[in-house]
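Accompanying notes for the structure given below.
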Protein chains: 2
Amino acid sequence: MTGPLHLKISADLADNIRSGVWPPGHRIPFEHELTARYGCARATAGKAVGALVSAGLVERRRRAGTFVAKPPVQAVVVEIADIRTEVEARGQAYGYELIASRRRLARASGDEARLQAQGPVLEIACRHFADGRPFAAEDRVINLAAAPGIEAADFAREPPGAWLLAHVAWSEAEHRIAAAAADGVLAERLEVAQGHACLVLTRWTWQAGQGVTSVRQTFAAETYQLVARFTPVPFGR
Amino acid sequence: MTGPLHLKISADLADNIRSGVWPPGHRIPFEHELTARYGCARATAGKAVGALVSAGLVERRRRAGTFVAKPPVQAVVVEIADIRTEVEARGQAYGYELIASRRRLARASGDEARLQAQGPVLEIACRHFADGRPFAAEDRVINLAAAPGIEAADFAREPPGAWLLAHVAWSEAEHRIAAAAADGVLAERLEVAQGHACLVLTRWTWQAGQGVTSVRQTFAAETYQLVARFTPVPFGR
DNA sequence: TAGTGGTCTAGACCACAGC
DNA sequence: CTGTGGTCTAGACCACTAG
């Protein structure tokens, strides 16, 4: 192991935890012991331990020491990629089709209710294709007040998600992942039978507390699944 | 804002980013400028910026500075809770039923193939209930070599997931989230019609590179959905 | 109350990417 | 080249808490 010393310390500690040598609840060496063992300053040892804390591997308790945490199988990072990226990553040709787009006033019902938007919104229905076959159906509502400059966008050519990603600043988001049976409209758009099992991703996005967009993306069950890798310890060699 | 100075600095920077004052691509103040502005050492400013890097809010470029990153809507933390916890969090009564359990040799096909286990495994089918109604169907394979002491467990009373959580040390995991239509067996276990849309969670767990368990949990579409909150900036006030 | 982690300082040297 | 971030040191004081 070359490179920064604090990474080597993190990796050494993580090895002992991952391998089970130090089980949950075990006290890892005090920071001053690490300084002695590695011949470093306490700040360096502290940085190494701090990285393990961020990863959720250990917990610090004042006056007591730092202890191996219990494995939280629950916290999982799912990569919900941009659809174009996802399709191209499979080596398939990406395609896009605008189905409908209209301007109207925000409603207080349906997915968009969570946005708490008031005033004009843009309602968009579109499809994404992989190698010419329907990959995802998308229904989106965009709060015009939160998307200045959107009038200049041409959603007949460009997916609204890509435009928003490029033009709206940092935001907060909430996702729901669910299964659902395809209704008549969805079945037609995805070219499957009515009642077909689908994976449904719903996402709401806010920026500085203002609702920006709500979007529902539906995939036929066979075409898509989410993969989540849980790597609690990115310190391996 | 009281407390550690580095948190105040992080919060101040994050505010400018979240609010859109500093759009993606904008260069945030140099670390030496932060030391001047806050009257602190460079290590403190560096720690504040480092936290934003960990959160994915900014990117550092040597010789150039630190820049606001583009919002990666993709990385999402999903809380995949223990089923009992999930049911009880809804205020419903949790129930559990063992359907079948048998010992056999590992196969190189099906979900368990990813474990690359060899030798004896325990194959378990069970159900989880919420208020007496089927909530999830579970099919699990446990690698006996990776679960010492499991012979003493009574899976007629205790769900295998709970036992493993309590008895197996830190592990790596991979999840798949998909939709699927219920086949005959699943339909019966979940008490829904054949072909009913279901949400399927599949999880593989390793410990020190050794396969521990593979498990598939299936939920009727209406009973369960995953919720993910994306809070890119935990530095708000 | 003693010792842990939590935070911070005022320096330093280095690698490296822009200029 | 120059200046940025990347890393590190050898201290220091404080808050908290376990014993």
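Chain letters run A, B, ... following the sequence lines, proteins first, then strands; residues in each count from 1.
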(request) Search all heavy atoms of A/V212 against all heavy atoms of A/L115 and return the closest pair with its distance. (result)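 Answer, listing the atom of A/V212 first, then A/L115: N-CD2, 4.0 Å.
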Gap between atoms [atom1] and [atom2], on [X] and [N] respectively (whole Å):
X	N	atom1	atom2	value
A/E59	C/dG5	CD	P	14 Å
A/L5	C/dA12	CG	P	22 Å
A/I9	D/dT7	CD1	P	12 Å
A/Y38	D/dA10	OH	C1'	20 Å
B/R60	C/dG18	CZ	C1'	18 Å
A/L7	D/dG6	CG	P	12 Å
B/L34	C/dA10	CG	C1'	17 Å
A/R42	C/dG6	CZ	P	8 Å

(request) State which residues pass salt bridge (Lys or Arg N to Asp or Glu O under 4.0 Å) with A/R42; sequence neighbours excluded, sorted by chain then number. (result)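 A/E31.
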(message) Only Watson-Crick and G-U wobble pairs, only distances under 3.5 Å, only runs of 3 or more: what stems does that leave for DNA chain D?
(response)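 Stems (3+ consecutive pairs) listed as C:1-18 with D:1-18.
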Is [X] near enough to [N] that one of its side-chain N or O atoms lies under 4.0 angstrom from OP1 or OP2?
X	N	value
A/R61	C/dT4	no
A/K47	D/dC8	no
B/T66	D/dT4	no
B/T44	C/dT9	yes

(request) Identify, with sequence neighbours excluded, every residue that meets side-chain contact (heavy atoms from CB on, under 4.5 Å) alongside A/H26. (result)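 Per chain and number, A/H26 pairs via side-chain contact (heavy atoms from CB on, under 4.5 Å) with A/W22, A/P23, A/V68.
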(request) Output all residues satisfying side chain to side chain donor-acceptor pair (under 3.5 Å) with B/S214, sequence neighbours left out; order by chain, then residue number. (result)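 For B/S214, no residue satisfies side chain to side chain donor-acceptor pair (under 3.5 Å) once neighbours in sequence are set aside.
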(request) Could you list the residues that satisfy side chain to side chain donor-acceptor pair (under 3.5 Å) with A/R63, not counting sequence neighbours? (result)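 Result, side chain to side chain donor-acceptor pair (under 3.5 Å) vs A/R63: none returned.
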(message) Any side-chain to backbone donor/acceptor pair from A/D131 onto A/Q92? Under 3.5 Å, distance only.
(response)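 The answer is no, because no donor-acceptor pair under 3.5 Å joins these two groups.
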(message) Within the 4.5 Å heavy-atom criterion, are A/V87 and A/T85 side-chain neighbours or not?
(response)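 They are not in side-chain contact.
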(message) Return whichever of A/A64 or A/A43 has its heavy-atom-nearest nucleotide of DNA chain C closer to the 5' end.
(response)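 Comparing both residues, the 5'-ward one is A/A64.
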(request) Return the orientation label for the A/H128 and A/Y94 ring planes: parallel under 30°, perpendicular over 60°, tilted otherwise. (result)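 If you compare the ring of A/H128 with that of A/Y94, the planes turn out tilted.
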(message) Between B/R61 and B/T66, does the side-chain hydrogen bond (donor to acceptor under 3.5 Å, both in side chains) criterion hold? Intermediate values first, please.
(response) CA-CA 6 Å; B/R61 292 210 297 271; B/T66 301; over 6 Å; no
(message) Please classify the nucleic acid contact of A/G39 as base, sugar-phosphate, or nothing, using heavy-atom distances under 4.0 Å.
(response)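 Answer is sugar-phosphate: A/G39 comes under 4.0 Å of backbone atoms only.
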Identify each atom pair where a protein N or O and an N or O of nucleotides 1-3 of chain C are less than 3.5 Å apart, giving names and distance.
from  : atom 1 : to    : atom 2 : distance (Å)
C/dA2 : N3     : A/R63 : NH1    : 2.9
C/dG3 : O4'    : A/R63 : NH1    : 2.7

